[in-house]
Number of protein chains: 2
Amino acid sequence: MFDEEQAVDAAMRVFWASGYEATSTQALCTATGLGRSSIYNTFTSKRTLFDRALHRYFETTGATQLALIQREDLPIRERVRRILWNAVEPAPGDPPGCLAINTAVELGPTHPELVELLNTDHAPKLAALAEAIRTAQAAGEVDAARDPAALADYTFVVLGGLRVAARRGATSASQISVIEAALQAF
Amino acid sequence: MFDEEQAVDAAMRVFWASGYEATSTQALCTATGLGRSSIYNTFTSKRTLFDRALHRYFETTGATQLALIQREDLPIRERVRRILWNAVEPAPGDPPGCLAINTAVELGPTHPELVELLNTDHAPKLAALAEAIRTAQAAGEVDAARDPAALADYTFVVLGGLRVAARRGATSASQISVIEAALQAF
DNA sequence: ACGGTTTTGGACTGAGCTGTCCAAAACTGA
DNA sequence: TCAGTTTTGGACAGCTCAGTCCAAAACCGT
């Protein structure tokens, strides 16, 4: 009767902004514009809806991120720069930070199955970036002595750090200067 | 009647492990070994106890961190390495990650007064590290063209990223290789 | 030892939470 | 149009939550 994906999207933004525990089912009803029946009929439980929201987040952000990693027309340093820039130019209407990181921080130690979910989303991006760095090394763009997997890991750790900073209201200027500092490691 | 600091310490670890919202007052009673009366008599509310816990976290971790930043007998790169190593060798009995970062992520966007609190703790460490880097530049340890404040900011962003990774159960090996990659930026 | 204060255990309160239920409304195919 | 199914609103149930209260116990200076 209603657009399911649209409802998941609205729920996603609430979880993203406020976290899992702090989000009430009432807040989800308000945000989606649906009644409790509709939500529970369609999504079974708050937790299931959260999982759907997380999957949607992966699909929407993961695809563009992966595409960016594999843009071979750009030098690797530029690709990494643009990955990190996602943390300084949030799309309008998006809450600060990153739902995946919020989830890892809030629920990681207490919900191992979510950690696994986060990892299965993360692993291919990590692998793709490591592979891209390896190619860049062959082309002489990056010092061949460096470990590509470590550099890929490093990149996402910095991205995570930027996303944490965003949750604290870091200024764009500060984020940008951190990115430039981070790129010196390449 | 009981050791107040010890109670705050126990509460701190529960908040640190599970987050603010997911921690019930009952869990705080169990962890501290106190009854509800004692807790509410002494700490007024869950939120006040959380603030106390956060302050305790600042005092215990902030002091050693600041001391490390100012250890002029060590080269700056080594000091930064040791700062970052805090994320790979957690003290036994400490939950994974960092209470300050967990708080920024979980409560930052919805509780601006906590962000302010986090910032007043963070600012002096940032300033001290920037100053230490400036001194290191004068001694020729670090490229003088780099912006000390940006490098200091960068260091703590990486630390934050490592702490997020720790919440996802990152291996020590991965954390260490990220640290070594991060140090290349200096 | 003892009167006065402080602290404690644990029952209690009211609010808010997730999830259920059902009758009415809306939709469907023929 | 109309029987049959699906979806919806909103009341409801059961539970857990943060916080209160009070009588009993523990503590204290003298």
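Throughout, a chain's letter reflects where its sequence line sits, starting with A, and its residues are numbered from 1.
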Checklist entry - Phe2(A) vs Phe43(A) aromatic rings, parallel, tilted or perpendicular, using cut-offs 30° and 60°? => result tilted
Item to check | Arg47(B) with Glu113(B): basic N within carboxylate O range, under 4.0 Å | outcome: yes
Checklist entry - Is Glu5(B) salt-bridged to Arg56(B), going by a charged N under 4.0 Å from an acidic O? => result yes
Checklist entry - Does anything in residues 39-54 of chain A reach DNA chain D, meaning a heavy atom under 4.0 Å, and if so which residues? => result Asn41(A)
Checklist outcome for this item: Here the residues of residues 27-37 of chain B within 4.0 Å heavy-atom distance, strictly under, of DNA chain D are Arg36(B), Ser37(B)
Checklist entry - Is any side-chain heavy atom of Phe50(A) closer than 4.5 Å to a side-chain heavy atom of Thr103(A)? => result yes
Checklist entry - For Gln26(B) and dC15(D), what is the distance between atoms CD and P respectively, to the nearest whole Å? => result 17 Å
Checklist entry - Taking side chain as C-beta onward, heavy atoms only, is Gln65(A) less than 4.5 Å from Leu159(A)? => result yes
Next on the checklist: When you compare the side chain of Thr25(A) with that of Leu49(A), does any pair of heavy atoms fall below 4.5 Å?
Outcome noted: no
Next on the checklist: Would the distance check show the side chain of Arg79(B) and the main-chain N or O of Ile69(B) forming a donor-acceptor pair, the cut-off being under 3.5 Å?
Outcome noted: yes
Item to check | Shared hydrophobic cluster, Val164(B) / Tyr20(A) (ILVMFWY, side-chain heavy atoms < 4.5 Å) | outcome: no
Item to check | Main-chain N/O of Asp143(B) paired with Gln137(B) side-chain donor or acceptor, under 3.5 Å | outcome: yes
Next on the checklist: What contact category does Ser24(A) fall into here, base, sugar-phosphate, or nothing, at under 4.0 angstrom with non-hydrogen atoms?
Outcome noted: sugar-phosphate
Item to check | Sidechain N-carboxylate O distance under 4.0 Å for Glu4(A), Arg52(A) | outcome: yes
Checklist entry - How long is the line joining CD of Glu4(B) and P of dT8(C), in whole Å? => result 11 Å
Next on the checklist: Contact list please: residues 6-17 of chain A against DNA chain C, heavy atoms, distance less than 4.0 Å, in numerical order.
Outcome noted: none
Checklist entry - Glu21(A) CD to dA18(D) C1': how many Å, rounded? => result 15 Å
Next on the checklist: Strictly below 4.0 Å: does Ser38(A) bring a side-chain N or O up to OP1 or OP2 of dT7(D)?
Outcome noted: no
Checklist entry - Is Glu180(B) salt-bridged to Arg81(B), going by a charged N under 4.0 Å from an acidic O? => result yes
